[in-house]
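So you know, we letter chains A, B, ... as the sequences are listed, proteins then strands, and number each from 1.
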2 protein chains.
Amino acid sequence: MAQALRHDAMRAGNLAVVLGALDRDGPLTRAALAEATGLTKTTVSKLVADLIDAGMAVESGAVRDGERGRPGVAVHLSGHRVAALGLEINVDYLAGCVVDLSRTARLFRTQAVDNRAASPEDVIAGLRDLAISMLADAAGHGLSVAGGIVALPGPVDRSTGTVHSAPNLGWRDVPVADALALPLPVLVDNEANLAALGELWFGSGAALGDFLHVSGEIGIGAGLVVDGALFRGAHGYAGELGHVVVSPDGPACRCGGTGCLERYAGQDALLPAGEDLAGLVARLRAGDPSAVAACERAGSALGIALTTAVNLLDPDTIVLGGIFAPLFPWVSGPAEATMHRRLGQIRARVPALVVSQVGADAAPLGGAGQVIQRIIADPGAHLLAPQP
Amino acid sequence: MAQALRHDAMRAGNLAVVLGALDRDGPLTRAALAEATGLTKTTVSKLVADLIDAGMAVESGAVRDGERGRPGVAVHLSGHRVAALGLEINVDYLAGCVVDLSRTARLFRTQAVDNRAASPEDVIAGLRDLAISMLADAAGHGLSVAGGIVALPGPVDRSTGTVHSAPNLGWRDVPVADALALPLPVLVDNEANLAALGELWFGSGAALGDFLHVSGEIGIGAGLVVDGALFRGAHGYAGELGHVVVSPDGPACRCGGTGCLERYAGQDALLPAGEDLAGLVARLRAGDPSAVAACERAGSALGIALTTAVNLLDPDTIVLGGIFAPLFPWVSGPAEATMHRRLGQIRARVPALVVSQVGADAAPLGGAGQVIQRIIADPGAHLLAPQP
DNA sequence: CGAATTAGTCTATGTTGTGGACTAAATATC
DNA sequence: GATATTTAGTCCACAACATAGACTAATTCG
């Protein structure tokens, strides 16, 4: 239910309105902020002063726009103080990044390890070491890290910070957030969801409108971004594109069904035993007919599943990430052809397929960005004591 | 973007908080309201006084709850003043209803006509007559109708009040809201969307959690309700369940694709030429094997499509409405079996299939309820001058 | 019947945003 | 180059709203 509004909520809300305007529309003078938000110049000045005290905004020089009249002082988001930590546990690596309030990635770290061979405790201890050292680095840069999110390859319970099952890691019900025991609030989320947010803030972003981000890995997940926020469904398990039915009489899937998308376009279906992704791409570049045919099959199946997704979710754009990013030139054509054949008559516009602009770090970047997003949406709760 | 909060917005917001609490939690005393909302008794008293002046709330008698201390005065939503109009244009009938603020249906009217034979202008003129006479009736009951919504069997542009295409009526780009020219604000929406909202407010309602409401008519639409609001997608065309791919090599569909759900479970697929729904139900009751087999085929196909919908949308419950309501006993079993087979291993809980509790009036009821919802969410904008 | 308890109102007060006067700093005009 | 004009930002008196706590009202308990 909507919360009761008291004076402090009004102030917190207006602080968020101003910070949000700075985030969206770049550097703005106080006068421009007043015009954009509908608040008076007086109020904006007071709010901006608070944001500057908290280290969330800074003044840059005067704006000489050639107009006559006194020039304004541009104010923009400050990346000097507030930051967030994004972490990822995946099958063969750990990764982390620190992103500042202006959504600039400040630190990166990746560590190749075989997490299938190790126990969850050891993996989490390794991630903890990586996180602690990044926090120290961040502190060295004067950054105060307000929170973190761990990206995990499987369905999670966000309220308890637990990963329910991560089949590719062999994990079940691991309380990742608690076990990490970092000295800051830590959340968990699904890798596919966070990768979608990574694309929003560190990739093609707002130009995509509402988009569906497809993460091709061993499984196939998808994250739908609507109005700048994830659509999660009732229990947080929306976007399971991998088990959308492509052909009800198709081959059996590990989920118990038959003919799921994963059996046609998942990593195991695309890569012959023993070959890795780089090998497949090399064969595709060389024009190997069997590799091209495999991608065509996968692309057509993907087109069927995406047709269904468009009918149900109605996105503006569809972004292909994960293994589909390097395979995009060979997969997107057949998928797009299928979609146009099936949707062309009933939709005014068939969503375009585009390739992800973020690399392997999409998930931790999206996680850190999500924390930043929360801070911008409620700066009042994160007003730090002004530093000397 | 979030709006700037000024004093009037704070007041309007708190008015909505109080009215919303009354809507959800039935009659409450001012003291209970203060506790529930977190506002002080003073503030609640002032807000309640405004709501009573506006005719949106009334005091009922004192509450004698057996506790000691002064008994409170119960306050509840008043249905005496504010109301909303729900209208529907469909292939063979026009319908309208008036719903009051407490979401009680006060007036109903249905008119059987063959709208395929008539021009859009004539159909709209007929609906206008029906609406005007209902408004007069409502005024006779002392009701002030704040707005209306027209349910239409096809995709609409809600911002312009236009229906893009209604294939079953043979309409294209008809500006329904403007053409109606009623003396109150009129919106348009898709029939399937409004039927889902009808189920929310006039059927099983909140007990369903987040649910997908399937409207089986000639086409098959679906509306997803998340957190008490419709999920519409980027352009408002989400929920096109009818063209979800059930079998990519299936029979050709009028949409240009093949093997869409509509070809297996739409009205035209279920009813042999010349038979109507009542006839099919009679044969099913009599145990006619070919009728039962047809429902089993339809149910299995529906199960495939719903499996996909669950994977992508993750609802708590699935409600079957339209023609699937009378066919529920014969269709739901095969659908549920298919869903369990395909989802049982990867979901902790497979959404239950339930039958719609609202009859044919679901769409106009949902439309009127939507208007009421908007009033409750922003009573400040609808504060009428106090009446003598 | 008086004490205890709870509901609701009343009054003084505090927080927040507003509106307009005011100062500051630039360009345009003569 | 002096003055008018324009725009940015601050200051101050004021208005809107919610709050806290005193107060009155109406009930049950002993």
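With sequence neighbours left out, F231(A) forms a ring pair (Phe, Tyr, Trp, His ring centres under 6.0 Å) with F231(B). Checked against side chain to side chain donor-acceptor pair (under 3.5 Å), T42(B) has no partners two or more places apart in sequence or in another chain. Scored by the side chain to side chain donor-acceptor pair (under 3.5 Å) test, R103(B) finds D23(B), Q373(B) as partners (sequence neighbours excluded). Under the rule for a side chain to side chain donor-acceptor pair (under 3.5 Å), H80(B) has no partner lying at least two apart in sequence or in another chain. Legend: residues meeting side-chain contact (heavy atoms from CB on, under 4.5 Å) with D137(A), ordered by chain and number and at least two apart, are L107(A), R109(A). Listed by chain and residue number, D189(A), N190(A), L230(A), R232(A) satisfy the side-chain contact (heavy atoms from CB on, under 4.5 Å) test with N193(A) (two or more places apart in sequence, or in another chain). Not counting sequence neighbours, the partners of V44(A) by the side-chain contact (heavy atoms from CB on, under 4.5 Å) test are R30(A), L33(A), A34(A), T37(A), L39(A), V48(A). L5(A) is linked by a side-chain contact (heavy atoms from CB on, under 4.5 Å) to A9(A), M10(B), N14(B), counting only residues two or more places apart in sequence or in another chain.
The 5' end of DNA chain D is approached more closely, in terms of each residue's nearest nucleotide, by G72(A) than by the other of G72(A) and R6(A).
Regarding contacts with the backbone of dT9(C), a side-chain N or O of S45(B) is found under 4.0 angstrom from either OP1 or OP2.
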Check residues 198-209 of chain A and write down every donor-acceptor pair under 3.5 Å in which the side-chain atom is one partner and the other belongs to a residue at least two apart or another chain.
unit_1: E199(A); atom_1: OE1; unit_2: S356(A); atom_2: OG; d: 2.7
unit_1: E199(A); atom_1: OE1; unit_2: Q357(A); atom_2: N; d: 3.4
unit_1: E199(A); atom_1: OE2; unit_2: S204(A); atom_2: N; d: 3.3
unit_1: E199(A); atom_1: OE2; unit_2: S204(A); atom_2: OG; d: 3.4
unit_1: E199(A); atom_1: OE2; unit_2: Q357(A); atom_2: N; d: 3.0

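Using a 4.0 Å heavy-atom distance criterion, V44(A) is classed as making no nucleic acid contact.
Contact footprint of chain A on DNA chain D: nucleotides with an atom under 4.0 Å from a non-hydrogen protein atom, first to last in 5' to 3' order, dT5(D) to dT19(D).
Rounded to whole Å, atom P of dG17(C) lies 6 Å from atom NZ of K46(A). If you measure from atom CG of L33(B) to atom C1' of dG8(C), you get 13 Å, rounded to the nearest angstrom.
Looking only at atom types and distance, the side chain of H235(B) has no donor-acceptor partner in the side chain of D157(B) under 3.5 Å away.
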Shorter than 3.5 Å, N or O on both sides, protein versus nucleotides 12-15 of chain C: list them out with atom names.
unit_1: dT15(C); atom_1: O2; unit_2: H7(A); atom_2: NE2; d: 3.3

Query - Annotated protein contacts, base or backbone, on nucleotides 22-30 of chain C with a non-hydrogen cut-off under 4.0 Å, one of B, S, - each - result: --BBBBS--
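Counting only distance, with no hydrogens or angles, the side chain of D227(B) and the backbone of A229(B) share no donor-acceptor pair below 3.5 Å.
Applying the 3.5 Å distance criterion, the base of dG8(C) shares no donor-acceptor pair with the side chain of T29(B).
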